[in-house]
Colleague: 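I'd like to ask you about the structure that follows.
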Amino acid sequence: MKIWYLLLATGVCTGTMSTQDTCRQGYSGIPGNPGHNGLPGRDGRDGAKGDKGDPGEPGLPGGPGRDGLSGEKGERGEDGRVEAKGIKGDAGSRGPPGKHGPKGSVGPTGEPGPRGEPGPQGQKGEKGDSGPAGPVGLTGNPGLVGPKGFPGPVGPLGQPGPKGEAGPMGPQGEPGVRGLRGWKGDRGEKGRTGEPPASPQSAFTVGLTALSKFPAPDLPVVFDKIFYNEFHHYSAATGKFTCRVPGVYYFTYHVTVFSRSARLCLVRNGVEVLHTGDAYLGSEDQASAGLVLRLRLGDEVWVQATGGERFNGLFADEDDDTTFTGFLLFSSA
């Protein structure tokens with residue numbers, strides 16, 4: 001269509017140019033009717049490829065895909081090698097049981113627990129004893145005197161009443177005059193030989209247990225296993241012997257040392273009078289010491305470990321003992 005318009009315009013211009021040479025230009029004519037639509041032109045060529053656009057927003061996740069087909073079964077692997085079976089070893093001998101370890105340190109005191117619920121009501125107790133008698137009440141006012149009655153007849157003579165109780169003893173009388181001295185009497189028979197006076201006694205032997213081994217240092221060792229303490233002069237609560245019979249005593253201690261070394265001393269009234277030490281070299285060991293002391297009434301004697309927890313290796317179990325002994329040799333009374 002565009003080509004037809006181009007040819008028409010060329011023809012008009014050519015005619016106009018030739019007419020202007022001979023005459024003037026006339027008025028414009030009436031516009032003609034539009035021509036028919038031309039044939040469609042050829043498709044334009046494809047343009048150059050544009051720049052790559054910005055990436056779009058990610059799409060929503062897709063649903064799970066269908067299960068794939070099962071793969072083929074793999075081939076069977078090769079059999080492993082079988083080694084020759086070794087010779088069974090002899091059973092080992094059973095080892096001796098180990099010693100008890102040292103006593104652990106005391107842990108911190110836990111917080112007090114919540115208060116428990118009140119228990120069920122107890123059974124009714126038995127009736128208590130009667131209380132003391134109350135004070136005597138005030139004397140009431142005397143009543144009115146009644147009228148005097150008529151005298152009755154004389155009754156028969158009654159039987160004599162029972163004998164009354166003896167009255168209280170009278171005061172002691174004054175001493176009488178001393179009488180004359182009598183004749184000397186015959187000599188009496190010889191009396192029996194009296195028994196010798198009982199000599200005072202005091203003795204004890206005590207030991208440690210699995211609960212009291214490895215005692216706290218620098219404090220009296222509390223021996224809680226009683227071998228002999230008939231007179232109760234040793235206190236298992238304090239670990240001290242208290243002198244009840246003044247005199248000369250013999251004290252000795254025998255200790256089993258295990259797990260750590262030991263340093264001991266015998267103490268009288270807070271003063272160390274005997275020192276003993278034994279080094280632990282990998283196996284249990286024994287040590288002992290003894291001393292003669294003169295004691296006064298109320299003196300106290302005990303054993304204690306010194307040098308801290310590195311030197312309190314006093315041990316005891318069902319096979320080994322640690323003991324403390326004391327007894328009176330003679331009294332000073």
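The residues of the chain are indexed from 1 along the displayed sequence.
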Colleague: Let me see the working for His275 and Thr306 under side chain to side chain contact (heavy atoms under 4.5 Å, CB included), right down to the final yes or no.
Modeller: CA-CA 9 Å; His275 297 83; Thr306 61; 5.6 Å; no
Colleague: Give the minimum heavy-atom separation between Thr256 and Asp321, together with the two atoms involved.
Modeller: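 Where Thr256 meets Asp321 most closely, the heavy atoms are OG1-O, 2.8 Å.
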Colleague: Could you go step by step and tell me if Ser212 and Val222 meet the side chain to side chain contact (heavy atoms under 4.5 Å, CB included) rule?
Modeller: CA-CA 7 Å; Ser212 57; Val222 178; 6.0 Å; no
Colleague: Could you state the interatomic distance from CG (Asp320) to CG (Leu314), rounded to the nearest 0.5 Å?
Modeller: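 Nearest 0.5 Å value for the CG-CG distance: 12.5 Å.
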Colleague: Is there a chain of hydrophobic side chains (I, L, V, M, F, W, Y, each step under 4.5 Å between heavy atoms) that links Tyr250 to Val255?
Modeller: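 No, it is not one cluster - the side chains of Tyr250 and Val255 are not joined through contacts under 4.5 Å.
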Colleague: Indicate the atoms forming the closest heavy-atom contact of Phe223 with Val303, along with that distance.
Modeller: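 Residues Phe223 and Val303, closest heavy atoms: CE1-CB, 4.2 Å.
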Colleague: Give a yes or no on whether Leu281 and Val257 share a hydrophobic cluster (residues Ile, Leu, Val, Met, Phe, Trp, Tyr; joining criterion: side-chain heavy atoms under 4.5 Å apart).
Modeller: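 No, because Leu281 and Val257 fall into different hydrophobic clusters, even though each may have its own neighbours under 4.5 Å.
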Colleague: Quick one: are the ring centres of Phe204 and Phe231 less than 6.0 Å apart?
Modeller: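 No; Phe231 has its ring centre 6.0 Å or more from that of Phe204.
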Colleague: NZ of Lys240 to CG of Asp299: how many Å apart, nearest 0.5 Å?
Modeller: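 Answer rounded to 0.5 Å: 12.0 Å.
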Colleague: Identify the two heavy atoms, one from Pro220 and one from Thr238, that lie closest to each other, and give their separation to 0.1 Å.
Modeller: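 Looking at all heavy atoms of both residues, the closest pair is CB-O, 3.6 Å.
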Colleague: Please find the pair of heavy atoms, one from Ala289 and one from Thr252, that lie closest to each other, and give the distance.
Modeller: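 Smallest heavy-atom distance, with atoms named: O-OG1, 2.8 Å.
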Colleague: Do the ring centers of Phe241 and Phe251 come within less than 6.0 Å of each other?
Modeller: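 Yes, they do, as the ring centres are separated by less than 6.0 Å.
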Colleague: Ignoring hydrogens and geometry beyond distance, is a side-chain donor-acceptor pair present between Trp302 and Glu300 at under 3.5 Å?
Modeller: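 Result is no, nothing qualifies.
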Colleague: If we only count heavy atoms from C-beta on, is the Asn312 to Arg260 side-chain gap below 4.5 Å?
Modeller: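 When only atoms from C-beta onward are counted, Arg260 and Asn312 do touch, with a gap below 4.5 Å.
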Colleague: Of all heavy-atom pairs between Leu266 and Phe324, which one has the smallest distance, and what is that distance?
Modeller: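 Smallest interatomic distance, heavy atoms only, reads CD1-CE1, 3.9 Å.
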Colleague: Please round to the nearest 0.5 Å and tell me the distance separating atom CD of Gln304 and atom CG of Asp218.
Modeller: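 Reported value, rounded in 0.5 Å steps: 6.0 Å.
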Colleague: Assess the residue pair His233 and Thr242 against the criterion (side chain to side chain contact (heavy atoms under 4.5 Å, CB included)); give the C-alpha distance rounded to whole Å, side-chain angles, the decisive distance to 0.1 Å, and a yes or no.
Modeller: CA-CA 6 Å; His233 295 170; Thr242 302; 6.0 Å; no
Colleague: Any idea which heavy atoms bring Tyr280 and Ser261 closest together, and the distance?
Modeller: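 Answer, listing the atom of Tyr280 first, then Ser261: N-OG, 3.0 Å.
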Colleague: CG of Leu293 to CG of Leu329: how many Å apart, nearest 0.5 Å?
Modeller: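 If I round to the nearest 0.5 Å, the distance is 10.0 Å.
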Colleague: Is there a side-chain contact between Glu309 and Pro217 in this structure, where contact means two heavy atoms from C-beta onward sitting under 4.5 Å apart?
Modeller: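 When only atoms from C-beta onward are counted, Pro217 and Glu309 do touch, with a gap below 4.5 Å.
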Colleague: Quick one: are Ser202 and Tyr249 in side-chain contact, heavy atoms under 4.5 Å?
Modeller: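 The answer is yes, as the side chains (C-beta and beyond) meet within the 4.5 Å cut-off.
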Colleague: Distance check, rounded to the nearest 0.5 Å: Cys265 atom SG versus Leu274 atom CG?
Modeller: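 The CG atom of Leu274 is 8.5 Å from SG of Cys265, to the nearest 0.5 Å.
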Colleague: Can you tell me how far apart CG (Leu297) and CZ (Arg244) are? Round to the nearest 0.5 Å.
Modeller: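 Reported value, rounded in 0.5 Å steps: 7.5 Å.
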Colleague: Find out if a path of hydrophobic residues (ILVMFWY) with successive side-chain heavy-atom gaps under 4.5 Å connects Val301 to Ile226.
Modeller: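 Yes; tracing contacts between hydrophobic side chains, which count when under 4.5 Å, links both residues.
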Colleague: Please assess His254 against Thr325 for the test side chain to side chain contact (heavy atoms under 4.5 Å, CB included), listing each intermediate value before the final yes or no.
Modeller: CA-CA 9 Å; His254 172 83; Thr325 298; over 6 Å; no
Colleague: Is any side-chain heavy atom of Arg268 closer than 4.5 Å to one of Leu295?
Modeller: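 Counting from C-beta outward, Leu295 and Arg268 do come under 4.5 Å.
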Colleague: With a 4.5 Å heavy-atom cut-off, do Thr276 and Tyr253 have their side chains touching?
Modeller: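 The answer is yes; the side chains approach within 4.5 Å.
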Colleague: Looking at Gln286, I'd like to know if its CD atom is crowded, meaning that more than 12 non-hydrogen atoms belonging to other residues, nucleotides or ligands lie closer than 6.0 Å.
Modeller: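 More than 12 within 6.0 Å, yes.
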Colleague: Quick check: do Phe214 and Phe315 have side-chain heavy atoms less than 4.5 Å from each other?
Modeller: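 Phe214 vs Phe315: side chains touch.
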